[in-house]
Amino acid sequence: MVTRANAASDKTLSSWIDIPENSDFSIHNIPFGVFRTSLTGPCCCSRIGDYIVDLRVLAEHDYFKAANISAGIFDKGHLNEFIALGKVKTNKIRERLIELFSIENHELQDNRSIHASALHKHEMVNMVLPIRIGDYTDFYSSKEHATNVGAMFRDPNNALLPNWKHLPVAYHGRASSIVVSGTPLNRPHGQFKKNKDDTVPTFGPTQALDYELELALVVGKNSTLGEAIPIEKSDEYIFGFLLFNDWSARDIQSWEYVPLGPFLSKNFMSSVSPWIVTAEALAPFKTKGPVQDVQLLPYLQCSGDSLLNYDIELEVDLRVSGEQAECICRTNFKYMYWNVCQQIAHHTINGCNVSVGDLMASGTISGPTRDSVGSLLELTRNGQEPLVLKNGSVRKFLEDGDTVIMKGFASKDGVRVGFGEVTGNVIGN
Ligand code: MN
């Protein structure tokens with residue numbers, strides 16, 4: 001195997017696979033996921049252009065021989081065991097795939113008998129949840145989002161609580177109800193105050209169903225209980241990222257959240273994109289984060305020049321039943337005040353351990369302008385200023401039949417690396 005240490009950042013790379021212009025799945029990406037077909041059980045895969053790449057088939061035919069990885073590791077319903085091999089091995093597989101799909105490489109290109117079993121058009125397979133998620137944490141790391149929410153629910157003059165700039169606020173969420181893109185959402189029922197001045201709650205389907213545009217990091221390495229992960233080593237624990245929709249019921253949330261935070265307003269379902277885009281694929285798009293203007297405790301300090309944020313363009317589209325989808329938000333992951341390294345350092349500073357397959361979601365990603373906010377709560381100012389879509393539909397919050405589509409990609413110097421989509425449609429009950 002010829003190793004190409006910098007293959008992923010080699011802008012001259014091209015593939016013998018016909019990759020549509022503006023595909024999220026360029027040869028620079030090579031994400032990981034899990035698919036199944038009507039005939040075969042779940043199996044680990046990658047993607048290039050419009051093709052799913054069956055990693056088990058490639059392993060069985062000795063294409064990963066030099067990485068010393070057996071086919072069995074891919075014959076699973078999740079990527080956990082593959083990820084647990086560690087970055088040295090998983091990067092070797094990704095680099096090898098880049099090599100195999102490069103135009104100048106003929107090993108797989110010329111072996112046409114393998115194509116039918118290893119390559120599938122993406123529309124012919126079903127993607128499943130790519131990891132077995134142990135624990136899930138949701139941060140609250142966008143200053144714009146925290147400010148917007150604080151101003152609406154508490155005090156516009158003191159929108160951020162005193163702790164906010166000193167630590168990345170988060171809560172522990174629910175892993176069992178995280179589902180893959182395309183899974184329909186049943187409108188949840190719960191307790192809420194029907195009118196602002198009610199003194200007792202009512203019970204019924206939420207009247208304030210919302211989405212939250214987020215990215216989630218996938219933990220790629222176990223840490224030890226009792227040992228904090230230092231901020232400068234936190235990168236080693238990030239396998240990759242997913243798009244994340246943290247569906248939320250705002251009326252249930254505002255009634256239940258005092259004093260311990262969100263519970264049933266969040267844990268009914270969260271949706272993730274099927275593809276984990278690796279930290280290595282996103283490395284060329286690292287950028288500086290916003291200025292952090294208070295003195296941080298040493299364990300959260302990082303150099304002002306370090307590139308710890310990611311320039312990832314994000315979009316939310318809303319499709320009202322029977323209509324075309326319409327873009328209702330464009331924002332960027334680079335706006336996040338707290339970066340992922342600070343999140344990991346903070347999460348473990350008390351000795352809390354993390355495990356392969358854990359998710360840490362960013363919190364709603366909002367930018368500085370009205371059209372860059374990552375929730376309807378902010379976009380409609382809690383329903384006070386309803387959104388009017390081009391087709392005339394009006395929305396305070398999500399209605400039955402609505403579909404939320406989130407997209408994300410990074411792009412620089414003609415190289416594009418993207419996530420595809422995470423979608424979900426709301427079903428009444
Ligand atoms: Mn959230």
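Remember, predicted model here, so these are calculated numbers, not experimental data. Remember, it's 1-based here, ligands and their atoms both numbered in the order they're listed.
Residue pairs that meet the side chain to side chain donor-acceptor pair (under 3.5 Å) test with at least one member in residues 339-352, sequence neighbours left out, are Thr137-His347, Ser141-Gln343, Gln292-Gln342, Tyr299-His346, Asn339-Gln342. Residue pairs meeting the side chain to side chain donor-acceptor pair (under 3.5 Å) criterion with at least one partner in residues 214-230, sequence neighbours excluded, are Lys221-Glu236. Evaluation of the side chain to side chain donor-acceptor pair (under 3.5 Å) test over residues 189-199, restricted to residues two or more places apart or in two chains, returns Gln191-Trp255.
Geometric assessment of Lys121 against the ring of Tyr51 yields a positive cation-pi assignment under the 6.0 Å and 45° thresholds.
Around the Mn ion (ligand 1), the protein N, O or S atoms closer than 2.8 Å are Asp138 OD2, Glu212 OE1, Glu214 OE2, Asp246 OD2, listed by chain and residue number.
Thr278 places a side-chain N or O within donor-acceptor distance of the main-chain N or O of Ala281, the cut-off being under 3.5 Å.
You'll find the ring centres of Tyr171 and Tyr257 outside the 6.0 Å limit.
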